[in-house]
**Q** 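Before I ask anything, let me first share the structure, which is written out below as structure tokens.
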Number of protein chains: 2
Amino acid sequence: MAEGVPRRPSTLDEVAELAGVSRSVASRVLNNAPHVSRAKREAVERAVHRLGYVPNPTARALATRQTGAAALVVSGEDPSIFADPFFAQVIVGASAALDDADLHLMLCLAASDRGRRRVEKLLLSRGADGVMLMALREDDPLAILAQEAEMPVVFGGRPVGLVPRWYVDVDNVGGARAATEHLISAGRTRVATICGRPDTEVGRARYRGYRDAMLAAGLEPYPPEAGDFTERSGAHAMAALLANHPDVEGVFAANDNMGVGALRTLREAGRSVPGDVAVVGFDDLAVAGVADPPLTTVHQPIEGLGREMARMLVALVDGQDPTPLILPTRLVTRASA
Amino acid sequence: MAEGVPRRPSTLDEVAELAGVSRSVASRVLNNAPHVSRAKREAVERAVHRLGYVPNPTARALATRQTGAAALVVSGEDPSIFADPFFAQVIVGASAALDDADLHLMLCLAASDRGRRRVEKLLLSRGADGVMLMALREDDPLAILAQEAEMPVVFGGRPVGLVPRWYVDVDNVGGARAATEHLISAGRTRVATICGRPDTEVGRARYRGYRDAMLAAGLEPYPPEAGDFTERSGAHAMAALLANHPDVEGVFAANDNMGVGALRTLREAGRSVPGDVAVVGFDDLAVAGVADPPLTTVHQPIEGLGREMARMLVALVDGQDPTPLILPTRLVTRASA
DNA sequence: GCTTCCAGTGGGAGCGCTTCCACACCTCCA
DNA sequence: TGGAGGTGTGGAAGCGCTCCCACTGGAAGC
């Protein structure tokens with residue numbers, strides 16, 4: 001710094017030479033390892049300061065076989081998924097936890113062909129110290145690939161059809177059960193569900209929770225009306241529900257977007273909420289709070305999901321063997337049910 | 001792949017040996033460089049396939065002095081800034097553009113001390129091929145540091161007090177002017193502004209646009225009522241405005257959040273919008289569309305901002321010298337004005 | 001007095017890749 | 001017939017760091 005801007009960043013050798021020590025000693029000082037005399041330690045520190053020396057992370061990574069970075073990989077075709085408030089919050093949590101471990105965060109979207117190949121290479125080539133993998137559809141090639149990856153992989157949510165060694169998930173079944181029980185406990189018996197994509201574990205698990213609660217209460221579950229987690233699909237599904245079962249008096253929507261869609265259809269159909277039909281969603285995104293009427297929903301700790309994934313990954317990188325985690329959900333009661 | 005999971009990833013040397021060629025030839029094949037006979041090229045390709053070889057990116061980075069990654073650095077103390085819809089969209093744009101250039105995206109938040117130091121190291125040590133830097137307050141140490149960085153730096157928005165060599169910004173002055181002119185053109189003369197933080201260039205520029213428009217119309221600009229870009233601060237500022245200037249009939253809020261806050265205060269004060277007071281915001285976030293009444297606002301291409309920053313960075317990394325970019329804004333007319 | 005131990009030190013061999021260069025060989029044109 | 005120029009090839013020198021290991025000399029233990 002003091003020397004102006006050196007055209008080429010200085011190296012450890014130059015530091016060592018300026019300090020009059022060997023490269024080994026200089027290296028030890030930088031990693032504050034023992035076996036360095038006080039005098040030489042100070043000499044090296046002076047040299048570092050004079051040269052404005054900063055270790056080259058690539059060289060260090062090559063020598064230590066640690067990159068100092070973790071990747072958050074999202075499997076999906078739409079690049080704007082990062083703008084989804086759900087993922088945005090996952091990022092916040094992961095970012096904070098990685099910060100604690102002094103790791104960089106790489107964001108990877110396996111959308112384009114090129115992006116997908118890049119992710120494959122990353123998994124197979126030690127381009128990061130570990131990977132957090134999210135949003136896996138059924139038979140996602142990335143999930144298979146992750147098994148033979150050269151590095152630790154933590155799953156966010158469970159992929160369909162396989163139970164990964166390490167994952168963090170939220171209690172989808174329990175949350176859906178609580179939501180359904182809430183509808184039932186208000187005395188309603190004709191309770192249907194708008195379920196999510198059946199090719200995702202989230203969609204399946206939330207439907208399972210609904211069905212469990214219905215059966216436990218001695219009620220006949222409705223055949224699932226499926227949506228794809230969008231507001232539109234929720235509105236469509238609600239319309240179909242009204243057509244097939246005009247007497248429905250409670251609906252559990254597998255996420256807030258679809259719940260809001262259902263609210264819209266109900267309003268347009270002239271049904272009052274919760275008077276005629278009560279609605280419960282899942283996620284507790286901001287949209288649930290500002291819906292009309294405000295949507296009763298199942299809160300899940302999204303930021304916590306990101307944070308715990310990152311923590312688990314850090315544990316793995318440190319050579320530990322953490323156990324999978326299922327984070328609790330809780331019902332948030334608002335006006336819609 | 002065919003060989004099961006090798007405990008240690010295979011190296012280029014092993015590929016070369018299996019193919020019966022020298023490491024140089026194998027390297028040339030992998031980078032499909034010329035001067036390789038067809039026979040040897042195929043032999044190497046077979047060996048690569050048999051060993052499931054994937055080049056080690058760290059080693060390549062050390063040799064080529066290119067990391068294959070670009071960083072998006074956000075300067076701010078709140079980790080949840082990534083959940084801000086504005087930044088989320090910037091990320092989407094940047095991610096897409098970097099994908100085209102086959103670069104990884106690193107996300108860095110200079111929030112904690114550790115995070116800040118990590119970013120400093122990144123800038124000074126070639127831990128990435130380039131950096132996109134955002135959200136700089138006045139005298140942000142990062143902006144200074146960026147000047148002596150070891151790598152290309154593109155600014156998103158301009159930092160206060162210095163004009164960086166390369167930046168992408170939106171036309172804040174023009175947008176604010178258009179918003180104010182819209183209010184004036186409706187025949188209103190008593191038009192005030194709720195301006196943003198004066199220690200940001202965005203805040204200053206949007207105020208400048210307001211003032212320009214007022215002066216150009218021969219009107220006296222109101223003294224700026226400042227907020228900090230949050231909904232709350234907008235509500236407060238509007239209350240202050242009503243107290244000091246009860247006859248105000250138009251308000252330009254420097255962003256949508258504050259605009260929505262202003263709407264709330266006006267509603268609570270029993271003023272009709274746009275009947276008594278017209279309001280225009282800035283940003284065109286989703287919140288503007290669902291506000292009550294829907295907020296007239298200035299649209300800015302946020303995703304485009306991210307995309308152009310990334311493109312500019314890629315150009316720099318490629319050794320070109322792109323020119324700074326100012327993206328256009330446009331007025332979106334809704335019910336509030 | 002001798003071994004034993006250990007803090008302090010520097011030499012040097014990696015880490016896995018790219019790339020410069022020398023060399024062999026072949027073709028082409030004066 | 002002799003360069004001149006091009007392709008194909010492998011050896012070897014990096015890139016900038018970590019870390020093992022051999023070595024020294026002084027303190028400690030018997």
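None of these values were measured; they are calculated from a predicted model. Letters go in sequence order (proteins before strands), and every chain restarts at 1.
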**Q** Which residues satisfy the side chain to side chain donor-acceptor pair (under 3.5 Å) test with B/S22, sequence neighbours excluded?
**A**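 Side chain to side chain donor-acceptor pair (under 3.5 Å) check on B/S22 returns nothing, list empty.
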**Q** Among residues at least two apart in sequence or on other chains, which ones pass side chain to side chain donor-acceptor pair (under 3.5 Å) with B/D78?
**A**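 Only B/S80 meet the side chain to side chain donor-acceptor pair (under 3.5 Å) criterion with B/D78.
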**Q** Of all residues at least two apart in sequence or in a different chain, which pass the side chain to side chain contact (heavy atoms under 4.5 Å, CB included) check with B/V160?
**A**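 Side chain to side chain contact (heavy atoms under 4.5 Å, CB included) list for B/V160, sorted by chain: B/E138, B/E201, B/R204.
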**Q** For A/T67, enumerate each residue passing the side chain to side chain donor-acceptor pair (under 3.5 Å) test, keeping only those at least two apart in sequence or located in another chain.
**A**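 A/T67 satisfies side chain to side chain donor-acceptor pair (under 3.5 Å) with A/D129 once adjacent residues are dropped.
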**Q** Name all residues meeting the side chain to side chain contact (heavy atoms under 4.5 Å, CB included) criterion together with A/L18; count only those two or more places apart in sequence or in a different chain, and write none if there are none.
**A**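 With sequence neighbours excluded, A/L18 shows a side chain to side chain contact (heavy atoms under 4.5 Å, CB included) to A/A47, A/R50, A/L51, given in chain and number order.
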**Q** Mind checking what makes side chain to side chain donor-acceptor pair (under 3.5 Å) contact with B/Q89, not counting sequence neighbours?
**A**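 Partners of B/Q89 under the side chain to side chain donor-acceptor pair (under 3.5 Å) test: none.
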**Q** Which residue pairs pass the salt bridge (Lys or Arg N to Asp or Glu O under 4.0 Å) test with at least one member in residues 157-169 of chain B, sequence neighbours excluded?
**A**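 Pairs touching residues 157-169 of chain B that pass the test: B/R158-B/D169, B/R165-B/D321.
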**Q** When the C1' atoms of the five terminal pairs at each end define the local axes, what inter-axis angle does the helix from C/dC2-D/dG29 to C/dC28-D/dG3 show, to 10 degrees?
**A**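 The helix from C/dC2-D/dG29 to C/dC28-D/dG3 shows an end-to-end axis angle of 40°.
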**Q** Can you list every side chain to side chain donor-acceptor pair (under 3.5 Å) pair that touches residues 105-117 of chain B, not counting sequence neighbours?
**A**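 Every side chain to side chain donor-acceptor pair (under 3.5 Å) pair that includes a residue of residues 105-117 of chain B, provided the two are not neighbours, is A/D99-B/S112.
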**Q** Going by heavy atoms closer than 4.0 Å, what residues in residues 14-30 of chain A are next to DNA chain D?
**A**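 Hits under 4.0 Å, by residue number: A/R23, A/S24, A/S27.
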**Q** Nucleotide range of DNA chain D contacted by chain B, 5' to 3', under 4.0 Å to a heavy atom?
**A**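 Contact span on the strand: D/dT7 to D/dG16.
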**Q** Earliest and latest nucleotide of DNA chain C, 5' to 3', sitting under 4.0 Å from a non-hydrogen atom of chain A?
**A**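 Using the under 4.0 Å cut-off, the span is C/dA7 to C/dG16.
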